[in-house]
Amino acid sequence: MQWTLVIPLKPLAQAKSRLADTASEGLRPGLALAFAQDTVGAALASPAVRDVVVVTDDALAGRELAALGARIVPDAPRAGLNAALAHAAGAARAVDPRCALAAVNADLPALRPHELARVLDAAAEFPRAFLADAAGIGTTVLTAVPGRELLPAFGVDSRARHRASGARELGLTGVASVRQDVDTGEDLRAALALGVGPRTAAAAARLLTAGQ
Ligand SMILES: Nc1nc2c(ncn2[C@@H]2O[C@H](COP(=O)(O)OP(=O)(O)OP(=O)(O)O)[C@@H](O)[C@H]2O)c(=O)[nH]1
Ligand SMILES: C=C(OP(=O)(O)O)C(=O)O
C-alpha cells in the first residue's frame, strides 16, 4: 500500500517553544524549519509514501517544503493541530477519495525512509493504527486505510487517546527514528545520537557556534 502523508506545521515563529532553553528565539524558527525539511525529505524518499501534504500557514516553510515536493495546504480552520490535520486529510481525499492516510509530526529529524516504510506496512493491516513516540506518552504516526477517517487526537496524552479511539497501537521494534520526535533539548540530543538529516545537522552546528 502507498500512503498519502499529512504533516502539520505551526508558523515557525511559534514553533518549538519547549526548546527555549536549548535554542534562542533567533535560532528556533530555523531549527523548526530544519526538522520539517528533514522529516519531509525522508518521508518523500520512503518506498511506502506516495505523496506528502503539509498543512501550514507559514509562507517560508511552505516555499521550502514545496521545493522538496510537498503539496502545501493552508491551515484554513486555524483551530489547532487536530483541526489542521482533519482539514489536510479532507484536501487529500478531495483529490483521491481512496487514498490511505498517515498523519506524521513535522519534528522527526532523524527519520529514516525504510523505518517509516516498516511502520506504514504494519499499519496497513488495521483500519486505523498509531505509533507511540519515544517518550511513550505521545504519538508520531496515526494512520487510516481507504474508507476510514483519520480521527486525529494528537496533543497531551495522545497515545492513550488514540488507543481509546480504537486505533491499533503498533508494537514494532527497530523503528527508533520514527518514534524520536524533538520537543526538548534532551530529545534533540537523542535525535543527534540516532543521526539527523542534513538540514538539522547544519542547524545544530549553528547552535554550537552560537554557544548554545
Ligand atoms: N498546521 C498546524 N500545525 C500545528 C498546529 N499546532 C501544532 N502543529 C504542529 O503539530 C506538531 C506538534 O505540535 P506541538 O507539539 O503542539 O508544537 P511544537 O511546535 O512541536 O512544540 P511546542 O511549541 O514546544 O509545543 C508540530 O509539527 C507542530 O508544528 C496548528 O494549529 N496548525
Ligand atoms: C502533538 C504531539 O506531539 P508533541 O510530542 O510534539 O507534543 C503528540 O504526541 O500528540
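Whatever order the structure lists ligands and atoms in, that order sets their numbers, starting from 1.
Regarding atom 26 (C) of ligand 1, its nearest protein heavy-atom neighbour is P8 O, 3.9 Å. Protein heavy atom in closest approach to atom 8 (N) of ligand 1: K10 CG, 3.6 Å. The nearest heavy-atom contact from the protein to atom 23 (O) of ligand 1 is S17 OG, 2.7 Å. Of the protein's non-hydrogen atoms, the one nearest atom 8 (C) of ligand 2 is S158 OG, 3.3 Å.
Taking every heavy atom of G138 and a limit of under 4.0 angstrom, the matching atoms of ligand 2 come to 9 (O). Under a 4.0 Å criterion applied to the non-hydrogen atoms of A106, ligand 1 contributes the atoms 27 (O). Proximity to A84 (heavy-atom distance under 4.0 Å) selects the following atoms of ligand 1: 1 (N), 2 (C), 32 (N). Within the listing of ligand 1, atoms 1 (N), 2 (C), 30 (C), 31 (O), 32 (N) sit less than 4.0 angstrom from a heavy atom of D75. Taking a cut-off of under 4.0 Å to the non-hydrogen atoms of N105, the atoms of ligand 2 that pass are 3 (O).
Checking only distances, A15 never comes within under 3.5 Å of ligand 1, N or O to N or O. Remark: ligand 1 and V55 share an N or O pair separated by less than 3.5 Å (distance only, no angle test). Considering backbone and side-chain N/O atoms, L81 never comes within less than 3.5 Å of an N/O atom of ligand 2. Considering backbone and side-chain atoms together, D181 places an N or O closer than 3.5 Å to an N or O of ligand 2.
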Derivation and outcome, salt bridge (Lys or Arg N to Asp or Glu O under 4.0 Å), residues R78 and D57
CA-CA 9 Å; R78 295 204 173 177; D57 273 343; 2.9 Å; yes
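The closest donor-acceptor contact from the side chain of D187 to the backbone of V182 lies at 3.5 Å or more, if one exists at all. Distance alone, capped at 3.5 Å, is enough to place a donor-acceptor pair between the H162 side chain and the A153 backbone. Between the side chain of T200 and the backbone N or O of V196, no donor-acceptor pair lies under 3.5 Å.
T140 and N105 form no side-chain donor-acceptor contact under 3.5 Å, judged by distance and modelled atom types alone.
Looking at residues two or more places apart in sequence or on another chain, you find a side-chain contact (heavy atoms from CB on, under 4.5 Å) between A167 and R128, F130, L142, S165. Every residue meeting the side-chain contact (heavy atoms from CB on, under 4.5 Å) condition with D96, not counting sequence neighbours, appears here in chain and number order: R50, R98, C99.
V54 places a side-chain heavy atom less than 4.5 Å from the side chain of V52. Proximity of L131 to V178: side-chain heavy atoms (C-beta onward) are separated by under 4.5 Å at one or more points. Counting heavy atoms from C-beta on, the side chains of D75 and H87 never come closer than 4.5 Å.
By the criterion of a heavy-atom distance under 4.0 Å, neither the backbone nor the side chain of T140 is placed next to ligand 2. With a 4.0 Å cut-off on non-hydrogen atoms, I137 does not touch ligand 2 at all. Contact annotation for H162 and ligand 2: no heavy atom of the residue comes within less than 4.0 Å of the ligand.
Taking all heavy atoms of V6, L81, N105, V54 into account, the minimum distance to atom 13 (O) of ligand 1 is reached by L81. Among H87, R78, R18, K16, the residue whose heavy atom lies nearest to atom 14 (P) of ligand 1 is R18.
Of the listed residues (D183, T22, T184), just one forms a side chain to side chain donor-acceptor pair (under 3.5 Å) with K16, and that residue is D183.
A heavy-atom separation below 4.0 Å is not found between R161 and ligand 2.
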